[in-house]
Amino acid sequence: MSVRVRIAPSPTGLIHVGNIRAALFNWLFARHQGGTFIVRIDDTDVARSLPEYERDILDGFRWLGLDWDEGVEVGGPHGSYRQSDRFDRYQAVAHDLVSRGLAYFDDRTQEQLEALRVRAQAEKRHPNFYIRRPLEAATGGAIRFSVPQEAAVEFDDQVREAMRFEPETIDDFVILRTDGIPTYHLASTVDDVDYDISHVIRGEDLLPSAPKHILLTRALGATPPAYAHLPLILGFDGKPLSKRHGDTSLAAYRHGGYLPEAMINFMSLLGWSLDSDRTIFSREEAVAVFDLARVSKNPATFDLDKLAWINGEYIRALAAPEFIERARPYLTTGLGRDLDQSEWARFAAIAPLVQERIKLLTEAPGQVSWLFSDVLDYDQASWTKVMGDGSAEALVEAVRRLEGVTEWEAGAIEVALRAMLDELGINARKGLQPLRVAVTGSAVSPPLFESMAVLGQDRTLERLQKAIDRLR
RNA sequence: GGCCCCGUCGUCCAGCGGCCUAGGACGCCGGCCUUUCAAGCCGGAAACGCGGGUUCGAAUCCCGUCGGGGCUACCA
């Protein structure tokens, strides 16, 4: 049997990390098995589904490199991969089930049903005791699936192992609404059958729905797929991920300076591990060993600090030109303007030093803004902390020495300034920090000699002079 | 309430009866390096929820208990 898996998000909002992790695990499994990865759009909720959300989902998958073999925008041999195109099919299935005595019409109102649930609760009975009706009780309304009461539903979950649900605890669920729109249970199950899905890999929140889907699949005359229910992802406080934890949409990370390969690596670790001691690994390495049996059963907390660390690791591992290219859009938005060619050259010269100092691409502009502004913006705290006794002398002596440097590059600058330190008899901290603040405006910056080299001799001297004036 | 899932350092993961005086990583603390900040290197604190069994032996198996979570819609 060939492996065919799908991710079926609903376009009712921006796709979030929970969905993405499910997509990733489906993708890893498919690639490891040499199977087919399908992207389907579950838009049965026509009122809330929006085209822009569908676009967001697909953009997100593309950004992460989760390429799909069949599905929306790619096609495949199974017709449409958008459920709103297939309502006829679901309706036909629902009516066929009715005619075969496996489902029935239910014309009761929501209020009546709610009253029955309340009554069941009060009498400590399962709701199904009152919800369930004889097959021929009505001839119109919604269509409910009639859950067979003969046997328990048992299946072997790929991550949770033996599962068993007693029939009286599974309620007769609606498969087709009064308005003819299918419910998630029907559409999803019919599609999984029609598209020959072999493994359903999804969040644990759907575990209680699994017996319903299995029963429905059997009613359709098909063999149920294998199921694998992934642990849920929680926020930093151990509570379910929600708006409270900030923006959990993938888009927020996509624009927040994160690298897609770092996101993939990090999310792979949410409920899975390559082995006992590797944290950083490529997607190819993950594909090579991915195994559902090794997926953890307990919920995973989304740890932003760890994501940031992983992102930093990936940034540092980038080849310099690659880093410059990736940082480019963040630089123009962060600096608020486009850089000209000579400015880009200057950035390129200092980029490797920036690269090892940031965890997010969004931090890049802050590291080099001093390089691109004509009037330096001194950080007041840095100034007061660094400028003290001897600072003026150091600055004056530095100017004198640096004026004499004929070949303006980091090595020569260092030689000149070391000589200055010797002559003044002061240590590097005391002698160099004032220069740093004078040149970059801050006590924290990329290495000084390289920074001066990139800034240029004239501008460096100019800034040193300005600081001297300011001290008087 | 009912049904179901889960329970190893603060966090993620390893462990699937003896290799465990419980391993790795993030974070935290300390040190080294050092022109600042990072990075890097070295070291440290830090966990098997609890109670019973089973067994020569349990983090690993069983039962209970407590705790966390999911589902319980004509949402998905």
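We use all heavy atoms of the structure for the numbers below, so side chains are in, but hydrogens, waters and symmetry mates are not.
- Using cut-offs of 30° and 60° on the angle between ring planes, the pair A:Trp272 and A:Phe290 is tilted.
- Checked by distance alone, A:Thr301 brings no side-chain donor or acceptor within 3.5 Å of a matching partner on the base of B:C12.
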Under the criterion side-chain hydrogen bond (donor to acceptor under 3.5 Å, both in side chains), I'd like the reasoning laid out for A:Arg436 against A:Gln433: C-alpha separation, chi angles, the key distance, then a yes or no. CA-CA 5 Å; A:Arg436 183 188 307 283; A:Gln433 279 298 83; 2.7 Å; yes

Donor-acceptor pairs under 3.5 Å, side chain of residues 15-22 of chain A to any protein atom, not counting sequence neighbours: which ones?
from	atom 1	to	atom 2	distance (Å)
A:His16	ND1	A:Gly18	N	3.2
A:His16	NE2	A:Asn19	ND2	3.3
A:Arg21	NH1	A:Leu270	O	2.6
A:Arg21	NH2	A:Pro231	O	2.3

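- Looking at heavy-atom distances under 4.0 Å, A:Gly271 makes contact with sugar-phosphate atoms alone, never a base.
- Across the C1' atoms, B:C26 and B:A14 are found 15 Å apart, a figure rounded to whole Å.
- Across all strands shown, B:G2 is found opposite B:C71 as a Watson-Crick or G-U wobble partner, with both distances under 3.5 Å.
- Contacts of A:Glu204 classified as salt bridge (Lys or Arg N to Asp or Glu O under 4.0 Å), with partners at least two apart in sequence or in another chain: A:Arg160.
- Applying the 4.0 Å criterion to OP1 and OP2 of B:G1, one finds that A:Arg119 has every side-chain N and O outside that range.
- For A:His126, the side-chain atoms get nearest to B:G2 when compared with the rest of B:C6, B:G2, B:A76.
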Output a table of nitrogen or oxygen pairs between the protein and nucleotides 44-48 of chain B separated by less than 3.5 Å.
none

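- Note on A:Thr12: nothing from the nucleic acid sits closer than 4.0 angstrom, heavy atoms only.
- Within the nucleic acid shown, A:Thr178 comes within 4.0 Å of at least one base atom, counting heavy atoms only.
- Geometrically, A:Arg125 engages A:Phe129 in a cation-pi contact defined by less than 6.0 Å to the ring centre and at most 45° from the axis.
- Under 4.0 Å is where a charged nitrogen must lie from a carboxylate oxygen, and between A:Lys359 and A:Glu363 no such pair does.
- Across all strands shown, B:C26 is found opposite B:G10 as a Watson-Crick or G-U wobble partner, with both distances under 3.5 Å.
- Nucleic acid contact class of A:Lys124 (heavy atoms, under 4.0 Å, all strands): none.
- In this structure, A:Arg463 forms no cation-pi arrangement with A:Trp370, as its terminal cationic atom is not both closer than 6.0 Å to the ring centre and no more than 45° off the ring axis.
- Of the C1' atoms belonging to B:C9 and B:A45, the separation is 10 Å, rounded to the nearest Å.
- Annotation: A:Arg429, atom CZ; neighbour count of heavy atoms from other residues, nucleotides and ligands within 6.0 Å does not exceed 12.
- The same atom, P, is picked in B:G43 and in B:C61; the two are 34 Å apart, to the nearest Å.
- A:Arg202 comes within contact range of no nucleotide atom at all, as no heavy-atom separation falls under 4.0 Å.
- Note: CG (A:Leu113) to P (B:C74) measures 6 Å, nearest angstrom.
- Every residue two or more places apart in sequence or in another chain was checked for a side chain to side chain donor-acceptor pair (under 3.5 Å) with A:Gln355, and none qualifies.
- Toward the 5′ end of RNA chain B lies the nearest nucleotide of A:Val159, the other residue of the pair A:Val159 and A:Thr44 mapping further downstream.
- Atom CZ in A:Phe290 sits roughly 13 Å away from atom P in B:C13 (whole-Å rounding).
- Following rounding to the nearest Å, A:Asp107 (CG) and B:C74 (P) show an atom-to-atom distance of 14 Å.
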Which is it for A:Arg133 and A:Asp172 under the salt bridge (Lys or Arg N to Asp or Glu O under 4.0 Å) test, yes or no, and what are the steps along the way? CA-CA 9 Å; A:Arg133 295 192 103 181; A:Asp172 285 4; over 6 Å; no

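- Rounded to a whole angstrom, the distance from the P atom of B:G10 to that of B:C6 is 22 Å.
- The side chain of A:Ser273 contributes no N or O atom lying less than 4.0 Å from OP1 or OP2 of B:G24.
- Ion pair A:Arg40/A:Asp191 flagged as a salt bridge, since at least one NZ, NE, NH1 or NH2 atom sits closer than 4.0 Å to an Asp/Glu carboxylate oxygen.
- Nucleotide B:G40 is matched to B:C32 when pairs are restricted to Watson-Crick or G-U wobble geometry with both distances under 3.5 angstrom.
- Remark: A:Glu52 does not engage A:Arg55 in a salt bridge, criterion side-chain N to carboxylate O under 4.0 Å.
- Atom pair A:Tyr90:OH and B:A76:C1' shows a separation of 13 Å (rounding to whole Å applied).
- Rounded to whole Å, atom P of B:G40 lies 16 Å from atom CG of A:Leu353.
- Using atom C1' as the reference point in both B:U60 and B:U54, the two lie 13 Å apart (nearest Å).
- A:Leu116 places its CG atom 15 Å from the C1' atom of B:C74, with the value rounded to the nearest Å.
- Whole-Å rounding puts the A:Ile131 CD1 to B:C3 P distance at 17 Å.
- The distance from atom CD1 of A:Ile7 to atom P of B:A76 is 16 Å, rounded to the nearest whole Å.
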Its contact letters, B for base, S for sugar-phosphate only and - for none at protein heavy atoms under 4.0 Å, make nucleotides 66-73 of chain B read ---SBS-S

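- Rounded to whole Å, the separation between the C1' atoms of B:C63 and B:A22 comes to 25 Å.
- Checked for salt-bridge contact, A:Glu54 and A:Arg82 meet the test: a charged N lies under 4.0 Å from a carboxylate O.
- With C1' as the reference atom, B:U8 and B:G49 are 11 Å apart, rounded to whole Å.
- For B:G64, the paired base is B:C50 (Watson-Crick or G-U wobble, both distances below 3.5 Å).
- With respect to A:Arg6, the side chain to side chain donor-acceptor pair (under 3.5 Å) criterion is satisfied by exactly one of A:Asp42, A:Asp192, A:Asn26: A:Asp192.
- For B:C48 and B:G31, the C1' atoms lie 31 Å apart once the distance is rounded to whole Å.
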Summarise protein proximity over nucleotides 25-39 of chain B in one line of letters, 5' to 3': B for base, S for sugar-phosphate only, - for none, counting protein heavy atoms closer than 4.0 Å. BSS-------BBBBS

